[in-house]
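Working notes, beginning with the structure itself.
Every number for a ligand or one of its atoms is a count from 1 in the order of the listing.
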Amino acid sequence: MDAAGRLLPTASAHARLARRATSGTLDGFAHRGLPFMKQFYLTTAIDYANGSPHIGHAYEKVLADAIARVQRLRGESVHFLTGLDEHGTKVQQAARAQGVEPQAICDQIAAEFQVLLKTLHISNDDYIRTTEPRHQQVVKTVLQKLYDQGDIYLGEYRGYYSARQEQFLLEKDKVDGKWPEIFGDVSEIVEPNYFFRLGRHQDWLREFLTQNPDWIFPAYRQKQVVEFLKEPVNELCISRPRDRLSWGISLPFDENYVTYVWFDALVNYISAVGYGTAQFGERWPADLHVIGKDILVPPHAVYWPIMLHAAGLPLPKRLLVHGWWLSGGKKESKSDIEKAKALGLKHDSPLDLIARFGPDAFRYFLLREMVIGQDADFTTEQFVARYNSELANDFGNSLARLLNMGSRYSGGLVPAPTIAEEPERALRTAWEEFAPTIYPLCDEYQFHSLLDRLNAFVKALNRYLETRAPWKLAKSADPVDQARTATSLAFLAEGVRLTAVVLAPVMPEISARVLALLGQPPIEKWDGQLTWGTRLTGATLGEKIILFPKFEAEKPAETAK
Ligand code: MSP
């Protein structure tokens, strides 16, 4: 602390600041030699504007949000971006079918996604839409640069085209050697188009991956990319003739074409942070792109690094690739909807559970259930089971007991712990074995494991209470028993506080509510807050409240006798 009582940066914070203060020139934009602070820049995929949000979209945002919050809690300045991918054939077709402008469809879908972000407490700092001028300009600048330096050329695209579906087909679209009926007449056509020379940079990308084996997390995903790159990559067709697709960004060097939607969409990561301005280097390169497994190869692991490399820009530092929510092998299953209805829950989609159980319980489930990188099954039964056992019975119960006994035995205040016997030592040890794993688990995005271990600690907290049984001790006039009663309340309060502190990135609203019930402000920084202590002594406890009412399946209506 300095003389004015302000907290001074710790040694590790100093080291971090020094590491991040770079006098950089990025992409030729000099910063007049002044040092600038690089923010932790985190992105998600930008969602297609051709449908309403579903659980996959929600999960990716929640995962990225938890990572952003962990970074902030650890003292980093964070810039968190998400957004909407608005161009392309599907939006154009949907607009025609509904007789409206494509922009109208995008506006409606953007509003739906933004409501979901708010509902789920997603703390994004920006939302990019690919129809915004700030994005379109950057796409054009990048295209022009690549064209001028010979990375883009005019060639011939040859392929099978379905006029009815307005799309090119691949051999793999055939069923039993024939084009399925839905494609109508399919003809082979040859048309001039623009191509991006991916092949030129393939050796460089292979070398980059060899030098950076941890670029993609989990590591086995990087191996898939290396496998993909063993074969020569095709040059990428980055244009679509305007007479077929008008809903896109015009090529700056040929107005008769619009930009292929992936080339357009990937650029969002740099257009949103001011590519071409002096501020760009404060954010780019991104520290982490969070994406699903379906869009790694080739878009994020081949097109994007090559586009950046060709444009002379540094690559994102890491890609985090998550798995998919499946249910019975499908994205969302009908049988789950039926089961949910049998439990008395309105459930047309997993997102309906948010309204019934609250956004934080939903966030908790997504992060608790999915082993990062793998697929997971979403079932309402499993949701309810976890909610009832881990939130209602374990955490909810420890809080309810604290508030209840606090008002009965200690005048609504947290007493001072005065003794340390075996039960206290065991509980502290449970915490002290868990605490050092928190940062490493977060560094590897292992939220399922973090929450599993946290739940084990909460169970230890409830066991401690059973051992101490303050509801019995409080009846004794023996001063030692009174000291044990007071101590057990103090230990319970400290255990609940630490749980709320760890939960802050996962359940931000619940964490703040629990801390308020302990007379504490919401947690802003983790430093110094994750150690067992006595800071709650004398704090005023809040009114009794059931934070997670236990869910009971509705009883089937009684049949008339
Ligand atoms: N618009 C492209 C991304 C462009 S990024 C420059 C796109 N959009 S999407 O709406 O189809 O998917 C957005 C994200 O949601 C992707 O990362 C995708 O993997 C993820 N998910 C879509 N369905 C999913 C599940 N069922 N489960 C988990 N995530 C999944 O791809």
Side-chain angles (χ1 to χ4, degrees), residues 42-65 67 81-91 94 105-106 109-110 112-113 116-117 120 122 124 126-132 135 138-139 142 216-217 221 236 238 247-249 259-273 286 288-305 307-308 316 319-333 336 349-351 362 365-367 369-379 445 448:
L42 169 76
T43 69
T44 69
I46 52 171
D47 304 307
Y48 281 133
N50 60 15
S52 296
H54 57 61
I55 182 171
H57 300 126
Y59 170 67
E60 187 168 302
K61 308 302 178 301
V62 168
L63 172 63
D65 185 61
I67 296 170
L81 173 74
T82 183
L84 200 63
D85 184 358
E86 305 196 344
H87 292 124
T89 317
K90 289 211 172 130
V91 175
I105 293 195
C106 295
I109 299 286
E112 276 185 48
F113 272 96
L116 180 69
L117 294 178
L120 284 174
I122 305 299
N124 54 306
D126 194 2
Y127 191 83
I128 180 99
R129 299 180 52 185
T130 54
T131 48
E132 286 175 66
H135 173 74
V138 172
V139 170
V142 172
I216 300 173
F217 185 93
R221 296 269 177 216
L236 177 67
I238 53 101
W247 186 236
I249 301 176
T259 312
Y260 169 48
V261 70
W262 266 108
F263 194 100
D264 164 351
L266 288 161
V267 170
N268 90 87
Y269 301 131
I270 56 172
S271 66
V273 290
L288 192 67
H289 285 329
V290 179
I291 56 167
K293 63 176 186 176
D294 56 313
I295 58 170
L296 175 67
V297 189
H300 282 85
V302 180
Y303 304 163
W304 184 226
M307 283 162 70
L308 289 167
L319 309 187
L320 167 59
V321 185
H322 62 75
W324 268 38
W325 284 94
L326 310 166
S327 202
K330 298 192 209 92
K331 270 199 236 169
E332 283 154 30
S333 96
D336 187 46
S349 124
L351 299 183
F362 191 76
F365 179 75
L366 295 184
L367 295 175
E369 195 65 14
M370 177 84 97
V371 177
I372 196 85
Q374 298 179 12
D375 291 341
D377 254 318
F378 188 98
T379 71
Y445 326 109
H448 68 283

Contact check, Gly51 vs ligand 1, heavy-atom distance below 4.0 Å: no

Can you see which heavy atom on Pro350 is nearest to which on Ile55, and at what distance? CB-CD1, 4.0 Å

Heavy-atom gap Trp304 to ligand 1 smaller than 4.0 Å: no

Hey, is ligand 1 close enough to His300 that some N/O pair sits below 3.5 Å? no

Element-labelled atoms of ligand 1 that are located less than 4.0 Å from some non-hydrogen atom of His54: 22 (C), 23 (N), 24 (C)

Counting only heavy atoms not in Lys90 (residues, nucleotides, ligands), do more than 12 fall under 6.0 Å from its NZ? no

I want to check something: taking the side chain as every heavy atom from C-beta on, are Thr130 and Ile46 in contact at a cut-off of under 4.5 Å? yes

Could you tell me whether some N/O pair between Trp262 and ligand 1 is separated by less than 3.5 angstrom? no

Does an N or O anywhere in His57 fall below 3.5 Å from an N or O of ligand 1? yes

By ring-ring contact (aromatic ring centres under 6.0 Å, His included), which residues pair with Phe113, not counting sequence neighbours? His57

Report, in ascending order of atom number, the atoms of ligand 1 lying under 4.0 Å from any heavy atom of His322. 28 (C), 29 (N)

Ligand 1 versus Tyr269, non-hydrogen atoms closer than 4.0 Å: side chain, backbone, both, neither? side chain

Take Tyr260 and His87 through the side chain to side chain contact (heavy atoms under 4.5 Å, CB included) test and state the conclusion after the steps. CA-CA 9 Å; Tyr260 169 48; His87 292 124; over 6 Å; no

Kindly determine whether His448 and Glu369 satisfy side chain to side chain donor-acceptor pair (under 3.5 Å), including the steps that lead there. CA-CA 6 Å; His448 68 283; Glu369 195 65 14; over 6 Å; no

Per-atom contacts, ligand 1 versus Gly56 - under 4.0 Å to a heavy atom: 24 (C), 25 (C), 27 (N), 28 (C), 29 (N), 30 (C)

Selection from Thr130, Val321, Ile46 by shortest heavy-atom distance to atom 2 (C) of ligand 1: Ile46

Under a 4.0 Å heavy-atom limit, does Asp47 contact ligand 1 with its side chain, its backbone, both, or neither? both

Going through the distances and angles, do Lys293 and His322 end up as a side chain to side chain contact (heavy atoms under 4.5 Å, CB included)? CA-CA 6 Å; Lys293 63 176 186 176; His322 62 75; over 6 Å; no

Please check if any side-chain donor atom of Trp325 sits under 3.5 Å from a side-chain acceptor atom of His54, or the reverse. no

For Ala265, atoms of ligand 1 separated by under 4.0 Å from a heavy atom: 6 (C)

Closer than 4.0 Å to some heavy atom of Gly292 - which atoms of ligand 1 meet that? 17 (O), 19 (O)

If the cut-off is 4.0 Å to any non-hydrogen atom of Ala45, which atoms of ligand 1 fall inside it? 5 (S), 14 (C), 16 (C), 17 (O)

Those atoms of ligand 1 less than 4.0 Å from some heavy atom in Asp85: 1 (N), 2 (C), 4 (C)

Is there a side chain to side chain contact (heavy atoms under 4.5 Å, CB included) between Tyr127 and Leu117? Walk through the geometry before answering. CA-CA 10 Å; Tyr127 191 83; Leu117 294 178; 3.6 Å; yes

Would you tell me which option among Phe113, Trp325, Tyr303, Phe378 has the nearest heavy-atom contact to atom 26 (N) of ligand 1? Trp325

Tell me the nearest of Ile295, Asn268, Ile291 to atom 31 (O) of ligand 1, using heavy-atom distances. Ile295

Can you sort out which atoms of ligand 1 are near Gly323, meaning under 4.0 Å from one of its heavy atoms? 28 (C)

Could you tell me if the ring centre of Trp324 sits under 6.0 Å from that of Tyr59? no

Student check: side-chain heavy atoms of Phe378 and Leu326 closer than 4.5 Å: no

